[in-house]
Number of protein chains: 2
Amino acid sequence: MGAVMGIGDDAVEVRAQGWRTLAALHGLIETALERELQSGHDLSVVEYTVLDALSRQDGWHMRMQQLARAAALSSSATTRLVNRLQDRGLLTRILCQDDRRGIYTELTAEGWDLLSRARPAHDAVLVRALAEAEAIPELAPLVEALHRLPAASPSPAG
Amino acid sequence: MGAVMGIGDDAVEVRAQGWRTLAALHGLIETALERELQSGHDLSVVEYTVLDALSRQDGWHMRMQQLARAAALSSSATTRLVNRLQDRGLLTRILCQDDRRGIYTELTAEGWDLLSRARPAHDAVLVRALAEAEAIPELAPLVEALHRLPAASPSPAG
DNA sequence: AGCAAATAGGTGCGTGTGCAAATATCTTGT
DNA sequence: ACAAGATATTTGCACACGCACCTATTTGCT
């Protein structure tokens, strides 16, 4: 490399490096959360994400597609994820009245209960994982950037 | 909320928000990369990650454990991932001489070839995905932070 | 030297995932 | 009003993943 690279290639390499760092940090946090939520509350990270998203949603209900985007899952995975949580009595499906293709999903009392019990553990592990990541030189800058992030609007769910 | 929250709770909430943003951005990029690499080169993102990590490694070989950490995979998943790539002739296993438990993995000529063909597509999609993310208000700050990240040392692989 | 604990890698098994296709409903153009 | 296409959700299927367990080798302690 070097002499043969064009002008834009440096920027590309910086982005690739940034992506690797992002992925590494994401993996670290996700693995830590997965272990804690799984052992403590029989929840996967995506499952928790869905419950959490529902609890933050205005009106406290979301459509399958919204949920899919919020959890970065395919439609089919979302269907089965909602099935699992519904079978456990954590949420319910509610047919849309205005669009009969659509299905709303809403937390049950049990869902709220489990979430309120899982959230402290989730947050604690998150803080711990971020602290660990900050001790890794390659990840530290990104972790710090994360802390400085402006408190954004309700949800990146779109 | 408000009156009942202790002093540290705000910071926890900021971190949770940051994690959701990080996860959302990660999912967006990973999905885009997955589609491109899969359709264009029959590679998953993790498979590409492994090939890429090998190509960057000093001495161009890594042990299974290193690979597992670099790809954020379990040992078993790494074994099978390496099996797949080996069956396709993209890399080879080499027994360690000094530690007979260990196994090195090294790219073959074919592996280098495929990687050199896949990398431009990978990088292009990455740039495009980051641009798309920057257009989403909730993700934009993190994307910018990513760009400002210092060009770090070789690899966050450990 | 000798034995226990730690570490590296691989295998059986259950499960969650995405893709492609199927069904139902809405929307658009004529 | 109606056909054609878009959109929402679900199902069949193949496959990659993590966990628990297994074997082989190394390390540490006595």
Side-chain angles (χ1 to χ4, degrees), chain A residues 23 26-28 30-40 42-50 61-88 91-106 157-158, chain B residues 23 26-28 30-40 42-50 61-88 91-106 157-158:
Chain A
H26 179 272
L28 192 77
E30 176 151 69
T31 301
L33 288 177
E34 190 77 43
R35 256 194 278 273
E36 171 65 29
L37 290 173
Q38 197 62 253
S39 73
D42 194 27
L43 281 176
S44 69
V45 173
V46 253
E47 286 167 349
Y48 177 90
T49 299
V50 162
H61 54 68
M62 292 174 83
R63 293 179 65 150
M64 302 295 287
Q65 292 289 348
Q66 271 183 290
L67 235 40
R69 277 193 297 271
L73 284 181
S74 68
S75 299
S76 62
T78 305
T79 292
R80 286 160 177 138
L81 174 49
V82 168
N83 283 345
R84 291 198 300 276
L85 298 178
Q86 187 176 25
D87 290 348
R88 286 173 64 181
L91 50 77
T92 51
R93 277 180 163 90
I94 300 177
L95 299 174
C96 279
Q97 294 150 339
D98 50 320
D99 183 347
R100 292 192 307 189
R101 293 169 305 181
I103 292 184
Y104 283 119
T105 275
E106 195 174 314
Chain B
H26 180 272
L28 192 76
E30 176 151 69
T31 301
L33 288 177
E34 190 77 42
R35 256 196 278 275
E36 172 64 29
L37 290 174
Q38 197 62 253
S39 73
D42 194 27
L43 281 176
S44 68
V45 174
V46 254
E47 285 166 350
Y48 177 90
T49 299
V50 163
H61 55 67
M62 292 174 82
R63 293 177 65 148
M64 303 294 287
Q65 294 289 346
Q66 272 184 287
L67 236 39
R69 277 192 297 270
L73 285 181
S74 67
S75 300
S76 62
T78 305
T79 293
R80 287 160 178 138
L81 174 49
V82 167
N83 282 345
R84 290 198 299 276
L85 297 178
Q86 187 175 26
D87 289 348
R88 286 173 62 181
L91 50 78
T92 51
R93 277 179 164 89
I94 301 175
L95 299 175
C96 279
Q97 295 150 339
D98 50 321
D99 182 349
R100 292 193 306 191
R101 293 170 304 180
I103 292 184
Y104 284 120
T105 275
E106 194 174 315

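Note on naming: letters A, B, ... go to the chains in the order of the sequence lines (proteins, then strands), and numbering restarts at 1 for each one.
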Nucleotide D:dG12, atom P - distance to CG of A:Asn83 in whole Å: 12 Å

Spacing of OG1 belonging to B:Thr78 relative to CG belonging to B:Leu73, to within rounding of 0.5 Å: 4.5 Å

For A:Glu47, all residues meeting salt bridge (charged side-chain N to carboxylate O under 4.0 Å, His left out), sequence neighbours excluded: A:Arg84

Spatial distance of atom CD (B:Glu30) from atom CG (B:Leu37) [nearest 0.5 Å]: 10.5 Å

d(CD, A:Gln65; P, D:dA8) in whole Å: 5 Å

Which residue lies more 5' along DNA chain D, comparing B:Arg84 with A:Asp99 via nearest heavy atoms: A:Asp99

Gap between atoms CD1 and P, on B:Ile103 and C:dT7 respectively (whole Å): 18 Å

Value in whole Å for how far the C1' atom of C:dG18 lies from CG of A:Leu73: 10 Å

Atom-pair distance (CD on B:Gln86; P on C:dG9), nearest Å: 14 Å

Sugar-phosphate only, base, or nothing, as touched by B:Arg80 at under 4.0 Å among non-hydrogen atoms: base

Touch class at under 4.0 angstrom, heavy-atom based, for B:Leu81 against every strand present: nothing

Candidates C:dA20, D:dT9, C:dT11 - which lies nearest the side chain of A:Ser76: C:dA20

A:Arg93 side-chain N/O to D:dT10 phosphate OP1/OP2 under 4.0 Å: yes

Between CG on residue A:Leu85 and OG on residue A:Ser44, distance to nearest 0.5 Å: 8.0 Å

Sugar-phosphate, base or nothing in reach of B:Ser74, heavy atoms under 4.0 Å: base

Whole-Å gap separating C1' (C:dA8) and CZ (B:Arg101): 6 Å

Atom-to-atom span, CD1 of B:Ile94 to C1' of C:dG9 - whole angstrom: 16 Å

Between D:dC15 (P) and B:Glu34 (CD): distance, integer Å: 15 Å

Other residues, nucleotides, ligands: >12 heavy atoms within 6.0 Å of B:Arg93 CZ: yes

